[in-house]
Amino acid sequence: SEFNSSIAEKQNQTMFKESQSTKDVSHLQGRDRDDVVDCTFASRYMSEPIPKSVMPESSIPANVVHQVIKDLRTLDARPNLNLASFVTTWMEPQAQELIMDSLNINFVDTDEYPSCQEISNRCVAMLAQLFHSPSVDALGNGDAVGAPTVGSSEAIMLSGLAMKKRWQERRAEENLDTTKPNLVMGNQTHVCWEKFCRYWDVEARYVQVEEGRYCATPELIAARCDENTIGVVSVFGSTYTGEFEDTEALDAMVTKMNKENGWNIVIHVDGASGAMVAPFVYPDVKFDFRLDNVASINISGHKYGLVYPGLGWAIWRDAEALPESMVFYCDYLGTVERSITLNFSRGASQIIAQYYQLLRLGREGYRKIMINLTSIARHIKKAIEKTGHFEILSQDVGVPLVAFRLNKIKGNHGGEHRRLYDEFQLADRMRTAGWVLPAYKMPEGAEHVKLMRITIREDFSMTMADQVIQKLNESVEWLDNHFTISKDELNDLATQALGKQFSRMDSKVLRTVSGLLRPC
């Protein structure tokens with residue numbers, strides 16, 4: 001005790017001397033002491049809480065703020081190990097340089113930066129030609145109609161509005177009611193469709209999925225259509241299973257409905273994930289403007305368009321498919337500008353990056369990449385099936401991903417048992433090695449189905465595929481040999497044994513329910 005007191009006293013004396021020495025800063029001529037100490041972690045800011053929700057009164061040195069934010073992001077997942085996301089996580093250095101060079105460019109300033117609008121127009125023409133728009137010829141010449149957007153969500157809002165306005169204008173000309181528009185689609189659609197219907201007062205009519213059928217069929221969609229239907233949505237690449245809905249069969253059904261009822265229902269293709277895959281891997285699959293009733297297509301440039309996050313595209317069949325009432329002409333930036341986007345200011349960097357990819361890769365490059373991704377997906381599917389632990393839910397034709405769920409296991413007596421863990425616990429176990437595999441439930445109608453997904457992107461190699469399969473096997477083995485149970489499951493067991501629920505885990509509960517638990 002005396003020894004500790006002596007050490008503490010000497011430490012206090014040393015700290016007092018240091019504090020006194022720091023007061024002698026006349027040679028600094030008014031500068032803060034921290035400004036002289038170059039070491040980031042010697043700064044007082046590192047020993048004090050940084051404001052989280054209130055702007056600080058005083059400035060903080062750049063190196064300190066940089067380090068604080070860097071530390072804050074330390075535990076985030078590595079993008080290339082995030083197998084939940086469809087979004088591009090790698091681009092060539094030359095593309096990144098172009099992005100950096102244009103980060104400070106406002107795309108809407110067309111008079112000051114005319115090349116950006118020209119680049120956008122060229123991208124729209126290339127995409128329109130890729131999707132067989134009748135408004136352009138084989139060389140891309142003509143009046144391609146489309147716009148860059150902030151992801152597919154904005155593209156969907158614009159395309160949905162175009163369908164609604166066309167329906168309203170047509171009904172108004174016939175002196176018919178225009179107050180009850182509806183949109184028909186499968187309920188496996190992206191949440192942005194629900195947002196569109198809620199924001200723009202359109203009734204959403206969903207075709208619910210069911211176990212074994214995770215997409216809408218033309219017959220089920222047709223059963224929900226009527227004279228107030230502004231359009232139907234074909235999900236060309238489900239985020240749940242990657243499956244393509246049969247747009248060609250839906251087109252035939254829409255033609256039949258329109259002819260029999262005198263309607264003018266059109267199709268919008270949600271090609272956020274699949275529209276940049278099918279033309280190169282499945283060229284014979286018709287989903288685009290080769291089908292007469294397809295009025296518009298949305299594409300996520302930041303998914304299989306191979307551009308970093310923040311870019312989508314809305315492409316219309318022709319000028320007739322886009323109501324003139326949606327087109328604005330602005331001239332207060334120095335030149336007349338044609339605008340068909342919901343927002344105004346936006347960066348030009350992703351648009352420039354898309355042009356780079358379209359030029360750099362061409363059809364040959366996109367074809368090689370998409371075929372490669374599809375081959376890796378098939379390799380993973382076979383490897384997952386070989387483990388004997390999983391059931392594959394994704395289809396052979398679709399977005400390059402593998403969706404799967406845990407299968408039931410056979411006990412010693414030959415009967416089937418569910419495992420003592422689920423896909424969510426398996427996903428947590430995979431996270432310990434850095435792998436991010438999403439675990440989720442199917443939408444209403446099959447919400448009891450839990451599944452996982454491995455999304456294949458350009459920077460996902462065959463070597464990484466083998467590594468994730470190995471970790472899946474190790475994780476299943478670990479969970480098979482370690483008792484894991486949720487609070488809800490324990491409550492169920494306690495209710496059976498004790499006739500009541502419990503508030504905490506204790507030995508009494510374990511002793512009581514132990515007789516209810518036995519190995520399979």
Side-chain angles (χ1 to χ4, degrees), residues 75-97 99 237 239 241-243 272-282 300-309 311 353-354 356-358 360-387 389-390 392-404 423 426-427 429-439 451-477:
L75 295 180
D76 284 358
R78 287 174 53 188
N80 64 324
L81 298 184
N82 179 10
L83 306 186
S85 178
F86 293 83
V87 174
T88 297
T89 52
W90 180 87
M91 294 186 74
E92 291 178 323
Q94 294 87 341
Q96 297 191 61
E97 182 181 344
I99 290 172
T239 57
T241 63
E243 186 175 352
S273 300
M276 290 298 288
V277 175
F280 307 108
V281 184
Y282 313 108
S300 288
H302 60 218
K303 291 182 181 176
Y304 292 104
L306 306 182
V307 176
Y308 284 146
L311 181 66
Q354 182 72 86
Y356 172 87
Q357 292 289 54
L358 293 172
R360 165 75 174 90
L361 297 173
R363 288 175 179 261
E364 177 189 20
Y366 271 98
R367 187 178 300 112
K368 286 182 177 179
I369 290 172
M370 299 307 160
I371 289 175
N372 184 46
L373 301 187
T374 303
S375 298
I376 293 174
R378 289 172 179 166
H379 170 76
I380 291 177
K381 176 187 174 184
K382 290 180 181 177
I384 287 178
E385 287 177 324
K386 189 176 179 181
T387 67
H389 296 302
F390 304 99
I392 301 297
L393 298 181
S394 50
Q395 302 296 314
D396 290 335
V397 176
V399 178
L401 62 80
V402 182
F404 54 97
E423 288 77 4
L426 179 55
R429 186 65 192 170
M430 292 292 292
R431 191 69 183 262
T432 63
W435 294 104
V436 181
L437 274 68
L451 66 159
M452 303 176 72
R453 185 183 71 231
I454 296 177
T455 307
I456 317 300
R457 298 187 306 272
E458 184 182 6
D459 59 345
F460 190 82
S461 65
M462 194 70 80
T463 299
M464 293 177 69
D466 290 337
Q467 289 176 325
V468 75
I469 295 300
Q470 179 181 346
K471 185 59 185 177
L472 264 178
N473 274 317
E474 292 173 357
S475 297
V476 168
E477 182 180 357

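Please read all numbers here as calculations on a predicted model, not as lab measurements.
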Q: Keeping the roles fixed (side chain from T88, backbone from H302), state whether a donor-acceptor pair exists under 3.5 Å.
A: yes
Q: As an exercise, state the distance from CE of M462 to CD1 of I380, rounded to the nearest 0.5 Å.
A: 8.0 Å
Q: Would you check if the side chain of E243 reaches a backbone N or O of G398 as a donor-acceptor pair within less than 3.5 Å?
A: no
Q: Can you list the residues that meet the side-chain contact (heavy atoms from CB on, under 4.5 Å) rule with A383, with sequence neighbours excluded?
A: I469
Q: Closest heavy-atom contact between A77 and V436?
A: CB-CG2, 3.6 Å
Q: Keeping E458 on the side-chain end and I369 on the backbone end, is there a donor-acceptor pair under 3.5 Å?
A: no
Q: Which heavy atom in G305 sits nearest to a heavy atom in Y366, and how many Å separate them?
A: O-OH, 2.8 Å
Q: Please evaluate residues I454 and W435 with respect to the criterion side-chain contact (heavy atoms from CB on, under 4.5 Å), reporting the C-alpha separation (whole Å), side-chain torsions for both, the decisive distance (0.1 Å), and the verdict.
A: CA-CA 10 Å; I454 296 177; W435 294 104; over 6 Å; no
Q: Just how far is it from atom CG of L306 to atom CG of L311, taken to the nearest 0.5 Å?
A: 11.5 Å
Q: Let me confirm one number: the CD-CG distance from Q467 to L472, rounded to the nearest 0.5 Å.
A: 12.5 Å
Q: Tell me whether D396 at atom CG has more than 12 heavy atoms from other residues, nucleotides or ligands lying less than 6.0 Å away.
A: no
Q: Which residues satisfy the salt bridge (charged side-chain N to carboxylate O under 4.0 Å, His left out) test with R360, sequence neighbours excluded?
A: E92
Q: Over all heavy atoms of both residues, which pair between T239 and R453 is shortest? Give the atoms and the distance, please.
A: O-NH1, 2.7 Å
Q: Classify the angle between the aromatic ring planes of F404 and F390 as parallel (below 30°), tilted (30 to 60°) or perpendicular (above 60°).
A: perpendicular
Q: Please name the pair of heavy atoms, one in A403 and one in S394, separated by the smallest distance, quoted to 0.1 Å.
A: N-OG, 3.1 Å
Q: Determine whether more than 12 heavy atoms belonging to other residues, nucleotides or ligands lie under 6.0 Å from atom CD of E364.
A: no
Q: With side chain to side chain donor-acceptor pair (under 3.5 Å) as the test, would you mind laying out the steps for D459 and T89 before giving the verdict?
A: CA-CA 7 Å; D459 59 345; T89 52; 2.5 Å; yes
Q: Take V468 and M430, measure what side-chain contact (heavy atoms from CB on, under 4.5 Å) needs, and give me the verdict at the end.
A: CA-CA 9 Å; V468 75; M430 292 292 292; 3.8 Å; yes
Q: Checking the side chain of R457 only, and the main-chain atoms of S85 only, is there a donor and an acceptor separated by less than 3.5 Å?
A: yes
Q: Could you pull out the closest heavy-atom pair between A272 and K303, with the gap in Å?
A: O-CD, 3.6 Å
Q: If you look at every heavy atom in A353 and M91, which pair is closest and at what distance?
A: CB-CE, 3.9 Å
Q: Holding to side-chain contact (heavy atoms from CB on, under 4.5 Å), I want the full list of residues that pass it with A439, two or more places apart in sequence or in another chain.
A: E423, F424, A427, M452
Q: Within this structure, what is the CE-CG distance for the pair M464 and N80, rounded to the nearest 0.5 Å?
A: 4.5 Å
